[in-house]
Amino acid sequence: MVIFPCFLRRTLVTKAGRWRSRFIDQVRIYVKGGGGGQGYPSHGGVGGRGGDIYVKASKEATMRDFKTKKRYSAGTGENSRIRALQGSKGSDVTIKVPLGICVTTDEGHNLGDLDQQGQEALVAKGGRGGCHSNNWSGEKGQRRNIKLILKLIADVGLVGFPNAGKSTLLKALSRSQPKIADYPFTTIRPQVGIIGYPDQRQISLADLPGLIEGAHMNYGMGHKFLRHVERTKLLLFMVDVHGFQLSDRHPFRSALETVMLLNQELELYKPELTSKPAILALNKMDMDNAEEYMQHTRQCIQDRNFASIPEELRAKSAIAFEDIIPVSAKEGLGMDLLKQRIRIVIDDYEEKLKEQDQKEKAGHG
Ligand SMILES: Nc1nc2c(ncn2[C@@H]2O[C@H](COP(=O)(O)OP(=O)(O)OP(=O)(O)O)[C@@H](O)[C@H]2O)c(=O)[nH]1
Ligand SMILES: [Mg+2]
């Protein structure tokens, strides 16, 4: 049974140790604003402006829409005529993209973050119509390649090494049915589930592919998935309380080392991530000796005692966890407490954001 998926998975791994999945979370497209229409020098007529290109967030759009269509051009401005000296504007083009898209130029310059339905960004301006100052000939529209980068928007992001039980947790807390198996990299694309509360409050939780040492350098599934945690309000670390070993060729890492390594990967990818609110779930508490491992790991983290960890595995700034909660995602142990704590931290975070917002507004007013 396990042989087939292993074989399949191997075909997805490149020489550099990078995993490729069919999940499209970034596309590059070419956009060309419309050219301006010609002016009419003898009558002082001005050509119409070229059309503009916008990118707009829409719930109906998907990344697959860009599989075949990669070039977009807006309409040309109308030439000035004797009957209509002011040429009309060329038609605009609006490219619909899914919510959570970050639009950048090829050089990485940000053109807009489109998180809400209907939000839009201008990505290519049409050229000016022909007039006196440009010798009556219409100007070319702006043309360039842009990148559409999908960043998931979820309240909580699950971070952990492969096989820690992240997908099992998503399944336990929400109605999602993620794939679960006892080999690493079962999850190859992010998946979002909704945690429901009795008072109808909903919190979204993103299950991400497992990280490994060197993820920030694009090892394993790479950092393309790390960016999905950038916009979450809470990081939920999921660690097998017994530790982790990727394969016989890799070193065994204790739960404490695993926490530190995850901390280090986030730090190396983006230092700000380590100051986000975080909760640590120590999983697989239903198994032998779990209690002993859990007590030790929790004590070391609470005391910030990392002396037993080799220097090179230590993060510069150790995350201060809001909570350390022993759970068994498989058996459902500790789920209520975890759900409750997630909510408290998210509510606190949102409250703080609101206050900050109000202060800023008051400052401007
Ligand atoms: N005994 C025990 N096994 C668990 C528990 N949680 C998960 N597992 C098992 O651990 C294995 C991995 O679980 P997954 O949920 O697929 O782990 P994951 O972190 O999503 O793994 P990747 O997607 O590969 O990163 C499966 O065989 C699960 O049944 C637990 O609380 N107790
Ligand atoms: Mg998984």
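Everything quoted here is computed from the prediction, not taken from an experiment. Both ligands and their constituent atoms are indexed starting at 1 by order of listing.
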Donor-acceptor list for residues 124-135 side chains, cut-off 3.5 Å, not counting sequence neighbours:
from, atom 1, to, atom 2, distance (Å)
Arg128, NE, Glu139, OE2, 3.3
Arg128, NH1, Ser133, OG, 3.3
Arg128, NH2, Glu139, OE2, 3.0
Asn134, OD1, Cys131, N, 2.7
Asn134, OD1, Trp136, N, 3.3
Asn134, ND2, Gly129, O, 3.0
Asn134, ND2, Glu139, OE2, 3.0

Got more than 12 heavy atoms from elsewhere within 6.0 Å of [atom1], [X]?
{"X": "Glu292", "atom1": "CD", "answer": "no"}
{"X": "Lys276", "atom1": "NZ", "answer": "yes"}
{"X": "Lys70", "atom1": "NZ", "answer": "yes"}
{"X": "Lys339", "atom1": "NZ", "answer": "yes"}
{"X": "Gln200", "atom1": "CD", "answer": "no"}

Tell me which part of [X] gets within contact of ligand 1: side chain, backbone, both or neither, using heavy atoms under 4.0 Å.
{"X": "Lys330", "value": "both"}
{"X": "Pro178", "value": "neither"}
{"X": "Pro184", "value": "backbone"}

Is it the case that ligand 1 has an N or O less than 3.5 angstrom from some N or O of [X]?
{"X": "Ala164", "value": "yes"}
{"X": "Ala329", "value": "yes"}
{"X": "Met287", "value": "no"}

Tell me which protein heavy atom sits closest to [atom], plus the residue, atom name and distance to 0.1 Å.
{"atom": "atom 1 (N) of ligand 1", "result": "Asp286 OD2, 2.9 Å"}
{"atom": "atom 12 (C) of ligand 1", "result": "Asn163 OD1, 3.1 Å"}
{"atom": "atom 13 (O) of ligand 1", "result": "Thr168 OG1, 3.5 Å"}
{"atom": "atom 10 (O) of ligand 1", "result": "Lys284 NZ, 3.1 Å"}
{"atom": "atom 19 (O) of ligand 1", "result": "Lys166 NZ, 2.7 Å"}
{"atom": "atom 17 (O) of ligand 1", "result": "Gly165 N, 3.1 Å"}
{"atom": "atom 16 (O) of ligand 1", "result": "Ala181 N, 3.3 Å"}

Q: Please could you name the atoms of ligand 1 that Gly210 approaches to less than 4.0 Å, counting only its heavy atoms?
A: 25 (O)
Q. For ligand 1, which atoms sit closer than 4.0 Å to a heavy atom of Tyr183?
A.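 In order of numbering, the contacting atoms are 24 (O).
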Q: Run the contact test for Gly160 against ligand 1 with a 4.0 Å cut-off on heavy atoms, strictly below, and give the result.
A: no
Q. Is Glu331 near ligand 1, meaning one of its heavy atoms is under 4.0 Å from it?
A. no
(Q) Is there a side-chain contact between Phe161 and Glu213 in this structure, where contact means two heavy atoms from C-beta onward sitting under 4.5 Å apart? (A) yes
Q | Side chain proximity check, Leu337 to Asp323, heavy atoms < 4.5 angstrom | A |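 Heavy-atom side-chain distance check fails, nothing below 4.5 Å.
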Can [X] and [Y] be counted as an ion pair, charged N to O under 4.0 angstrom?
{"X": "Arg341", "Y": "Glu322", "answer": "no"}
{"X": "Asp347", "Y": "Arg343", "answer": "yes"}
{"X": "Asp207", "Y": "Lys171", "answer": "no"}
{"X": "Glu230", "Y": "Lys151", "answer": "yes"}
{"X": "Asp106", "Y": "Arg28", "answer": "yes"}

Q.
Does the structure place the NZ or CZ of Arg71 under 6.0 Å from the centre of the six-membered ring of Tyr30, at an angle of no more than 45° from the ring's axis?
A. yes
Q. Evaluating non-hydrogen atoms only, which member of Asn283, Asp182, Leu158, Thr187 is closest to atom 23 (O) of ligand 1?
A. Thr187
Q) Between Gln299 and Gln295, do the side chains contain an N or O donor and an N or O acceptor separated by less than 3.5 Å? A) no
Q | In the protein, N/O/S atoms that are found under 2.8 Å from the Mg ion (ligand 2), waters not counted | A |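 Short answer, with waters excluded from the count: Ser167 OG, Thr187 OG1.
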